[in-house]
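Within every chain, numbering begins at 1; the chains are lettered A, B, ... in the order of the sequence lines, protein sequences first and strands thereafter.
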Amino acid sequence: YVLTDRTLRWEHTHLTYRIENYTPDLPRADVDSAIEKAFQLWSNVSPLTFTKVLRGQADIMISFVRGDHYDNSPFDGPDGNLAHAFPPGPNLGGDAHFDEDERWTKNYRNYNLYRVAAHELGHSLGLSHSTDIGALMYPNYMYDGHVQLSQDDINAIQAIYGPSPNPVQPTGPQTPQVCDSNLIFDLITTFRGEVMFFKDRFYMRLNPFYPEVELNFISTFWPNLPSGLQAAYEFAERDEVRFFKGGKYWAVQGQEMLYGYPKDIYRSFGFPKAVKNIDAAVSDEETGKTYFFVANKYWRYDEYNQSMDAGYPRMIAADFPGIGRKVDAAFQKYGFFYIIRGTTQYKFDLQTKRILSIDRANSWFSC
Amino acid sequence: FPAATAGTREQDMEVVQKYLENYYNLKSDGKQIVRQRNSSLVTEKLKKMQEFFGLKVTGKIDADTLNLMRQPRCGVPDIAQ
């Protein structure tokens, strides 16, 4: 987040707001609710309170306008510039304007009013834009179904107004730092020749064109995948990547979610009901055998026969010596398995059953 | 990955100029200064924008920079006015 030396702030913490007019895109009650929830996000983490007034001048005046609306910041028609708000101060100060040339919604379709209002009210309270892609105060519109303050947003508002009076200080999700040596990935999979790393709501991707690691929301590619994914593997033969969470899994082909999912792992792969979730999965392109790691055991599934190989599950320790008991993620690259446990990556030769090298899990990011 | 564009099209130049005026305080007095490819002012503003968004800081208009400029966003500038 950014606080400028001229960061403006409200000198009183009990603020008023007024919705001067309503967009025809939504019922009035939905607009009221979106704005109220957006204020609640900020009051939950700070000493600020917000009271809605129905007439007269409020601290924060909210309106839906289009084109040039005489505040020296004209809107630009559909898309592009969605809304803006002014930093704390008298009159125009604190006011938030929403572009009536946009379609305002209360779901995932562009543009979700609650999501945009949460951002704009951050400006009304004195915040500038954040470079943290996971922060609500990031300049670009991103909506993955969740509207929540990140830790970066909370730090920013508390830097201006102090902590929340709540006995338990609220916290928010942190955006993964690709070079954080303590970064533990939820899952890793190859993807059409690339390697994609997943953590919380984000993916990280090596970009062959330049050294910067691409980090963005998973919903950018697959808005219908659930959060909290636990494993994934690529079955290259069919250009499919399968994502697992609990007893269910989803399949994608490129950016397309394949039809008929989620399916359950019991019927599709033959797991016993005792298996509640998959920790990691990787498919050997040479043999079409997919390895599923569950707690201290692993299963081997034959993609061509579409059945589990006999004699499984087996102990991980027996066939992957030196790797230990539980696996967090796994993928295959250059013919080797890369098995990740915590922050450690083991490069493993399936033929010789030997560990060839040990690295940090994020060593691919050339930090 | 998108194929590198043959050359930055005319309309791209307008997108870039408008974006830098709106969000990075590029002063142009209405003139099309982005066309002056070696405009140091434009290069400097482009670098600031690329740095803010974690792009490769080249000061040049590339596909990733253009793509990001086309995304819907908040109208408040990214740098203090």
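- With a 4.5 Å cut-off on non-hydrogen atoms, A/F75 does not touch chain B at all.
- Proximity to chain B (any heavy atom under 4.5 Å) is shown, for A/F86, by neither the backbone nor the side chain.
- The environment of CG in A/N107 is crowded: more than 12 heavy-atom neighbours from other residues, nucleotides or ligands sit within 6.0 Å.
- Residues A/H123 and B/C74 meet the side-chain proximity criterion, which asks for heavy atoms closer than 4.5 Å.
- The shortest side-chain heavy-atom distance between A/Y111 and B/P72 falls under the 4.5 Å cut-off.
- With a 6.0 Å radius and a threshold of 12 heavy atoms from other residues, nucleotides or ligands, A/K106 has its NZ atom at or below the threshold.
- Summarising the geometry, atom CG belonging to B/D64 is positioned 7.5 Å from atom CD belonging to A/E214; distances are rounded to the nearest 0.5 Å.
- Neither the backbone nor the side chain of A/S73 comes within less than 4.5 Å of any heavy atom of chain B.
- A pairwise comparison of heavy atoms in A/A85 and B/V76 identifies O-CG2, 3.4 Å as the closest pair.
- When the candidates A/L215, A/N81, A/D99, A/D76 are compared by the number of heavy-atom contacts under 4.5 Å with chain B, A/N81 comes out ahead.
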Q: Just do the side chain to side chain contact (heavy atoms under 4.5 Å, CB included) check on B/F52 and A/H129 with the steps written out, would you?
A: CA-CA 10 Å; B/F52 186 100; A/H129 282 150; 3.8 Å; yes

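- The neighbour count for B/E51 CD, taken as heavy atoms of other residues, nucleotides or ligands under 6.0 Å away, does not exceed 12.
- When heavy atoms are compared at a cutoff of 4.5 Å, A/E120 approaches chain B solely by way of its side chain, counted from C-beta outward.
- B/I79 CD1 to A/S128 OG: the interatomic distance, rounded to the nearest 0.5 Å, is 11.0 Å.
- Rounded to the nearest 0.5 angstrom, A/D79 CG and B/R70 CZ are separated by 12.0 Å.
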